[in-house]
Asks: 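Take this structure first; my questions come after.
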Amino acid sequence: MNVAQVLVPTVVQFFADKYSLSISESEITFQTTRKEFEGDLTLIVFPFLKKVKETPEALGKAIGEYLCSHHAQIAKFNVIKGFLNLSFSHRLWIETLIQLAQQENYGVFPSNGEKVMVEYASPNTNKPLHLGHMRNIFLGDSLANILKANGYQVMKVNLVNDRGIHICKSMLAYQKFGKGETPHTTGIKGDHFVGNYYVLFEQENKKATAELFEQYKNIFPDENPETLAEKAAKESPWLLEAQQMLRKWEEGDPSTLQLWRTMNSWVYEGFEATYRKMGVEFDKTYYESQTYLLGKAVVEEGLAKGIFFKKEDGSVWIDLTSEGLDQKLLLRADGTSVYITQDLGTADMKYADFPMQKSIYVVGNEQDYHFKVLKLILQKLGRSYADGIFHLSYGMVELPSGKMKSREGTVVDADDLIEEMVQIARQRTRELGKIDDFDNAQAEALYQMLALGALKYYLLRVDPRKKMLFNPEESIDFQGDTGVYLQYTHAKIAAILRRASLEGISYSLETLRALEQLSQQEIELIELLQFYPQRVKEAAQEYAPSVIASYAYELAKAYSRFYAELSIFNEPDLLRRHFRIELSAQTARVLRAALHLLGIQAPERM
RNA sequence: GACCCUAUAGCUCAACUGGAUAGAGCAACUGCCUUCUAAGCAGUAGGUUGCAGGUUCGAUUCCUGCUAGGGUCACCA
């Protein structure tokens, strides 16, 4: 808080004056006063008691008197135990509102000259997006907005995993059962169309594995069943065929590549549609089929520098045991690359494309170890960008039954969930009947806005690091601490501002200075409005959109109370009426900005 | 087995990074629409912050040890 910063030197001066003591600024802690106590800002006096032989009350009182006499902004104070509660003058609060109203880009910091890349989404192209992707995508997209507001130049990238055995599984099932059908002939969205074949593969593979297992049990009756089950899984004809297809792909077999291109293009059409519905977009998309070979040069470099070593079979490793980690494989004996090989190469490529100070990977916490190793290797290789790598490790979205598993069909599909939310928004809005004069397109746009607002807020309000629970039995709320509540608050303010403009109400900010008394509800609102830029900064430092989400909720809640308990247009005092309109306008502005950081749209009516 | 997370009200989540009597929402109960949108507001009830120690003026927060759940330790990505 800026007032706190003004007061710190005075506190230092107090101890110098009264006790000839030099106190360092770090020992002085201010915090906002808790709601249940009178005051705005609290100085904690406990830390000084060791140096000064006083009771907490007496020392608090002495500091309070000193601050009061030196700063006109402090109207009064009280001391409870070791807490010195300071109350600001109403004049100061009024001035605070006027000043923030005058700022063009309130809560947007000027450019800091730094570049940051945010990688998120990163889907596989063998199945449609699900709820886990949604958390990832909304986090990444919101974080990009937050970083922009903090003055960074941001590049949003998507790294699509478009190659590998999982893709071949879909391709193989399609070859066998597809009968030349396409998304267009069947009317199925492309990503779902391909995903269906992936499921089909898994089913067939499971059957074939079970049959093989039975055969092996007859052939090797003495063998441990577990060993036989493993053997059957490895030797299933379906899996062998998929592996064969992957080899053909890597050899560049034209018909395999043709099928691969066709099926991926269907998936991309589907993904694009979903991204569009979500309201997210990327500045650049990387494809692993184009990057997976890049890491080999890095492996050569590491070998030459003696950071990596080669085993007898020709495979390449790095020994991280001195860092408390393990030995890690970097290149297979046959010279083909593994996951981390590609990531090493891709990291270089990213930096060449966009020389950034920070590179953020939005990836689930199941990959913590991988990113620890990746960063460490890049540091050992002396990459200038390595220290700027940050793995935004978010927790999984779990169902009451546990983790979502696409193979077992226990995933919450993104398209389905969005559609379901739109349906609820439609139904609920119609019941309320507040927008009966909207035409169809306007109404549908609103349903989309509400559905996505509810979803995004639901997924972003939780600390990203923590796992979260989604219960498909209970639909996402439209009441209470929800996205819809924030949107509703905005719409209510918008109605106020429409009316003010309709009535031709106008005033200049300067005239508001003449006001002398404020209500508690107004002070609380101004206090929150004043915090906004700090919360924007904090959200970036913590890589946590949840900071913005809870701020937006606090703000909406404070406004709702203000709205319910104080009247605007029935307020007899003209000046006060103007002040409340201005306060409403500023609340709407900040609320809209906060929602924007979360990727949520703010409706004018609902 | 080793390492890394997590544990807060019946449920889902907060707690300004060590500060006051641990807060919201949902669910339950009570009030408030003839006045700016009731998708709202106010209130009641609900807690040994997993357990046991320690550090200090002060611990949900830091340290140690347990317990429970999840994850990783793949020539999968």
Side-chain angles (χ1 to χ4, degrees), chain A residues 1 29 31-37 42 44 46-47 49-50 56 80-83 85 122 124 161 163-166 288 292 313 315 317 324-326 328-334 336-340 342-343 363-370 372 393 395-396 398 400 402-403 425 428-429 431-432 434-435 450 454 458 461-463 465-471 474 477-482 484-489 491-500 531 534-535 538 542 546-547 549-551 553-554 556-557 560-571 580-581 584 605-606:
Chain A
M1 171 173 290
T29 47
Q31 64 183 43
T32 50
T33 306
R34 282 184 162 263
K35 274 231 174 99
E36 56 269 37
F37 301 98
T42 296
I44 297 160
F46 291 112
L49 296 175
K50 270 183 239 167
I80 299 168
K81 293 195 269 181
F83 299 91
N85 301 319
S122 311
N124 293 354
N161 181 13
R163 61 166 284 279
I165 189 74
H166 46 287
E288 289 198 356
Y292 81 107
D313 65 357
S315 58
W317 297 73
L325 305 174
D326 298 310
K328 185 87 184 167
L329 176 91
L330 301 176
L331 201 64
R332 293 190 186 104
D334 64 5
T336 59
S337 50
V338 291
Y339 182 38
I340 198 146
Q342 327 179 6
D343 269 6
V363 179
N365 62 11
E366 56 200 352
Q367 294 193 36
D368 283 353
Y369 185 75
H370 171 78
K372 214 167 165 179
S393 160
M396 300 286 106
E398 292 181 3
K403 226 181 135 180
R428 186 91 187 94
T429 305
E431 280 167 12
L432 292 168
K434 293 178 184 179
I435 57 151
L450 298 179
Y458 180 83
R461 65 186 268 268
V462 181
D463 185 329
R465 287 169 283 272
K466 293 190 177 173
K467 68 175 181 205
M468 60 180 292
L469 193 97
F470 174 80
N471 188 349
E474 305 162 10
D477 266 319
F478 277 28
Q479 276 162 8
D481 185 4
T482 65
V484 174
Y485 172 75
L486 304 181
Q487 291 171 315
Y488 177 64
T489 307
K492 276 202 299 194
I493 306 176
I496 296 283
L497 300 178
R498 272 197 303 276
R499 178 167 166 187
F531 283 147
Q534 288 168 55
R535 303 297 284 270
E538 191 191 333
E542 309 277 323
S546 59
V547 169
S550 53
Y551 172 80
Y553 178 65
E554 278 176 64
K557 196 156 169 58
S560 297
R561 181 180 191 138
F562 160 84
Y563 181 92
E565 295 178 0
L566 300 175
S567 183
I568 296 171
F569 293 104
N570 293 329
E571 164 59 44
R580 287 180 186 164
I581 290 167
S584 299
R605 284 184 57 192
M606 62 183 272

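In the text below, chain A, chain B and the rest are named by the order of the sequence lines, each starting its count at 1.
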Asks: Nearest-Å distance, CG (A:D463) to C1' (B:A7)?
Replies: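 Result: 14 Å.
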Asks: Would you indicate what A:S567 reaches in the nucleic acid, counting non-hydrogen atoms under 4.0 angstrom: base, sugar-phosphate, or nothing?
Replies: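 The residue A:S567 makes base contact.
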Asks: Have a look at A:D313 and say if it touches a base, only the backbone sugar-phosphate, or nothing, with a 4.0 Å heavy-atom cut-off.
Replies: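 Base contact.
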Asks: For a quick check of understanding: with a heavy-atom distance under 4.0 Å over all strands, which category does A:R465 fall into, base, sugar-phosphate or nothing?
Replies: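 Since no nucleic acid heavy atom lies under 4.0 Å of A:R465, the category is nothing.
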Asks: Under a 3.5 Å cut-off for both contacts, is B:C13 paired Watson-Crick or G-U wobble with anything, and if yes, with which nucleotide?
Replies: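 Checking every strand shown, B:C13 finds its partner in B:G23, with both distances under 3.5 Å.
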Asks: Base, sugar-phosphate, or nothing: which does A:T42 touch, judged by heavy atoms less than 4.0 Å apart?
Replies: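 The answer is base, as A:T42 lies within the cut-off (heavy atoms under 4.0 Å) of a base atom.
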Asks: Considering Watson-Crick and G-U wobble pairs with both distances under 3.5 Å, what does B:C73 pair with?
Replies: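 Check on B:C73: paired to B:G1, both distances under 3.5 Å.
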Asks: With P as the reference atom in both, quote the distance from B:U6 to B:G50 in angstrom, rounded to an integer.
Replies: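 Those two atoms are separated by 13 Å.
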Asks: Looking across every strand, which nucleic acid part, if any, lies under 4.0 Å from A:E538 by heavy atom: base, sugar-phosphate, or nothing?
Replies: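 Nothing, no nucleic acid heavy atom in range.
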Asks: Kindly indicate whether the side chain of A:V363, heavy atoms from C-beta on, has any atom under 4.5 Å from the side chain of A:S122.
Replies: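 In short, these two side chains do not touch, never coming nearer than 4.5 Å.
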Asks: Base, sugar-phosphate alone, or nothing: which one does A:L49 contact when heavy atoms must sit under 4.0 Å apart?
Replies: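 Answer is nothing: A:L49 stays at 4.0 Å or more from every strand.
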Asks: State whether a side-chain donor-acceptor pair under 3.5 Å links A:S393 with A:D368.
Replies: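 Note: A:S393 and A:D368 side chains meet the donor-acceptor criterion.
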Asks: How would you label the contact of A:R34 with the nucleic acid (heavy atoms, under 4.0 Å): base, sugar-phosphate, or nothing?
Replies: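 Answer is base: heavy atoms of A:R34 come under 4.0 Å of a base.
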Asks: In whole angstrom, give the distance that lies between atom NZ of A:K35 and atom P of B:A15.
Replies: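 So the NZ-P distance, A:K35 to B:A15, works out to 16 Å.
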Asks: When you compare the ring of A:F83 with the six-membered ring of B:G19's base, are the centres less than 5.5 Å apart and the planes under 30° from each other?
Replies: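 No, A:F83 does not stack on the base of B:G19, since the centre distance and plane angle fail the 5.5 Å and 30° test.
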Asks: A:Y339 vs A:H370 aromatic rings, parallel, tilted or perpendicular, using cut-offs 30° and 60°?
Replies: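 A:Y339 and A:H370: parallel rings.
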Asks: Take A:L497 and A:I581 through the test side chain to side chain contact (heavy atoms under 4.5 Å, CB included) and record every step on the way to the result.
Replies: CA-CA 7 Å; A:L497 300 178; A:I581 290 167; 4.3 Å; yes
Asks: Does A:K466 place a side-chain N or O at less than 4.0 Å from the phosphate oxygens OP1/OP2 of B:A7?
Replies: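 Result: yes.
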Asks: Hey, does the Lys NZ or Arg CZ of A:R461 hover above the aromatic six-ring of A:Y553, less than 6.0 Å from the centre and inside 45° of the axis?
Replies: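 Ring-cation test returns no.
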Asks: Which nucleotide in the list B:U12, B:A77, B:G40 gets nearest to the side chain of A:S560?
Replies: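 Of all the options, the side chain of A:S560 is nearest to B:G40.
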Asks: Counting any heavy atom closer than 4.0 Å, what does A:Y369 reach on the DNA or RNA strands: base, sugar-phosphate only, or nothing?
Replies: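 Answer is sugar-phosphate: A:Y369 comes under 4.0 Å of backbone atoms only.
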Asks: Kindly point out which of B:C41, B:C36, B:A14 is positioned nearest to the side chain of A:E565?
Replies: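 Closest of the options to the side chain of A:E565: B:C41.
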Asks: Let me know which of A:N85, A:T29, A:T32 forms a side-chain hydrogen bond (donor to acceptor under 3.5 Å, both in side chains) with A:T42.
Replies: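 Result for side-chain hydrogen bond (donor to acceptor under 3.5 Å, both in side chains) with A:T42: A:N85.
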Asks: For a 4.5 angstrom cut-off between non-hydrogen side-chain atoms, does A:Y551 reach A:Q534?
Replies: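 Contact flag for A:Y551/A:Q534 side chains = no.
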Asks: Considering only side-chain heavy atoms of A:K492, which listed nucleotide, B:A77, B:U37, B:U17, is closest?
Replies: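 Nearest nucleotide to the side chain: B:U37.
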Asks: Can you check the A:H370 NE2 to B:A77 P distance for me, whole Å?
Replies: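 For the pair A:H370 NE2 and B:A77 P, the rounded distance is 10 Å.
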Asks: I need the A:I496 CD1 to A:I568 CD1 distance, nearest 0.5 Å.
Replies: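 Between atom CD1 of A:I496 and atom CD1 of A:I568 there are 4.0 Å.
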Asks: For A:K557 and B:G25, is the shortest distance between a side-chain N/O and OP1 or OP2 below 4.0 Å?
Replies: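 A:K557 to B:G25 OP1/OP2: side-chain N or O found under 4.0 Å.
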Asks: Identify whether any heavy atom of A:P47 sits under 4.0 Å from a base atom; if not, whether one sits that close to sugar-phosphate; answer base, sugar-phosphate or nothing.
Replies: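 Here A:P47 touches the bases of the nucleic acid.
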Asks: Considering every strand and a 4.0 Å limit on heavy-atom distances, what is the contact class for A:K372: base, sugar-phosphate, or nothing?
Replies: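 The answer is nothing, as A:K372 stays clear of every strand by at least 4.0 Å.
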Asks: Give me the distance, rounded to whole Å, that separates B:A24 from B:A14 when you measure between the P atoms they each carry.
Replies: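 Their P atoms lie roughly 16 Å apart.
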Asks: Rounded to whole angstrom units, what separation is found between the CG atom of A:D368 and the P atom of B:G71?
Replies: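 About 13 Å, once rounded to whole Å.
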Asks: Name the closest nucleotide to the A:D477 side chain, picking from B:C36, B:G40, B:C26.
Replies: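 Side chain of A:D477 sits closest to B:C26.
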Asks: Roughly how far apart, to the nearest Å, are B:G70 and B:U8 at atom P?
Replies: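 Between the two P atoms, the distance is 15 Å.
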Asks: Could you classify B:C63 for me, syn or anti, using a glycosidic angle within 90° of 0 as syn?
Replies: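 Nucleotide B:C63 adopts anti.
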Asks: Side chain of A:I44: nearest nucleotide among B:A39, B:G19, B:A77?
Replies: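 Nearest to the side-chain atoms of A:I44, counting from C-beta on, is B:G19.
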Asks: In whole angstroms, how far is the P atom of B:A2 from the CG atom of A:L325?
Replies: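 Taking CG of A:L325 and P of B:A2, I get 17 Å after rounding.
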Asks: Taking only the side-chain heavy atoms of A:I80 (C-beta and beyond), determine which of B:A20, B:C75, B:A38 contains the nearest atom.
Replies: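 It is B:A20.
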Asks: Can A:F46 be said to stack with the base of B:G58, given centres closer than 5.5 angstrom and planes under 30 degrees apart?
Replies: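 No.
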Asks: Atom CD of A:Q487 and atom P of B:G40: how far apart are they, to the nearest Å?
Replies: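 Rounding to the nearest Å, CD of A:Q487 and P of B:G40 are 13 Å apart.
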Asks: Which value, in whole Å, describes the distance between the C1' atoms of nucleotides B:U64 and B:G23?
Replies: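 Between the two C1' atoms, the distance is 30 Å.
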Asks: Taking a pair as Watson-Crick or G-U wobble with both distances under 3.5 Å, which nucleotide is matched to B:C41?
Replies: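 B:C41 is paired, partner B:G31.
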Asks: What integer number of Å spans the P atoms of B:G1 and B:C66?
Replies: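 Going atom to atom, P in each nucleotide, I get 12 Å.
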Asks: Establish, for the pair A:R428 and A:F478, whether the NZ or CZ atom is under 6.0 angstrom from the six-membered ring centre and no further than 45 degrees off its axis.
Replies: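 Verdict for A:F478: no cation-pi partner in A:R428.
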Asks: For atom P, what is the distance between B:U49 and B:U21, given to the nearest Å?
Replies: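 Result for the P pair: 14 Å, nearest Å.
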Asks: In terms of side-chain heavy atoms of A:E398, which of B:C13, B:G70, B:U37 is nearest?
Replies: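 Nearest nucleotide to the side chain: B:G70.
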Asks: Categorize A:Q31 for me: base, sugar-phosphate, or nothing, with a 4.0 angstrom heavy-atom threshold over every strand shown.
Replies: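 Base contact.
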Asks: With a non-hydrogen cut-off below 4.0 angstrom, is A:V484 in contact with a base, only sugar-phosphate, or nothing?
Replies: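 Base contact.
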Asks: Partner of B:A68 by Watson-Crick or G-U wobble geometry, both contacts under 3.5 Å, or none?
Replies: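 Paired with B:U6.
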Asks: Whole Å only: how far is the OH atom of A:Y553 from the C1' atom of B:C41?
Replies: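 Interatomic distance, OH of A:Y553 to C1' of B:C41: 12 Å.
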Asks: Report which part of the nucleic acid A:L450 touches: base, sugar-phosphate, or nothing (heavy-atom distance under 4.0 Å, all strands).
Replies: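 Base: the residue A:L450, judged by heavy atoms under 4.0 Å, touches a nucleobase.
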Asks: Atom CE of A:M468 and atom C1' of B:C11: how far apart are they, to the nearest Å?
Replies: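 Rounded to whole Å, this separation is 14 Å.
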Asks: I'd like the C1' distance from B:U60 over to B:C51, given in whole Å.
Replies: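 After rounding to an integer number of Å, I get 15 Å for this pair.
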Asks: Which is it for B:U17, anti or syn, if anything within 90° of zero counts as syn?
Replies: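 Syn for B:U17; the angle stays within 90° of 0.
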Asks: Work out how far the P atom of B:G69 is from that of B:G25, and round it to whole angstrom.
Replies: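 Going atom to atom, P in each nucleotide, I get 33 Å.
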Asks: Need one value for A:Y563: base, sugar-phosphate or nothing, where a base atom within 4.0 Å counts as base even if backbone is also close, heavy atoms only.
Replies: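 Base: the residue A:Y563, judged by heavy atoms under 4.0 Å, touches a nucleobase.
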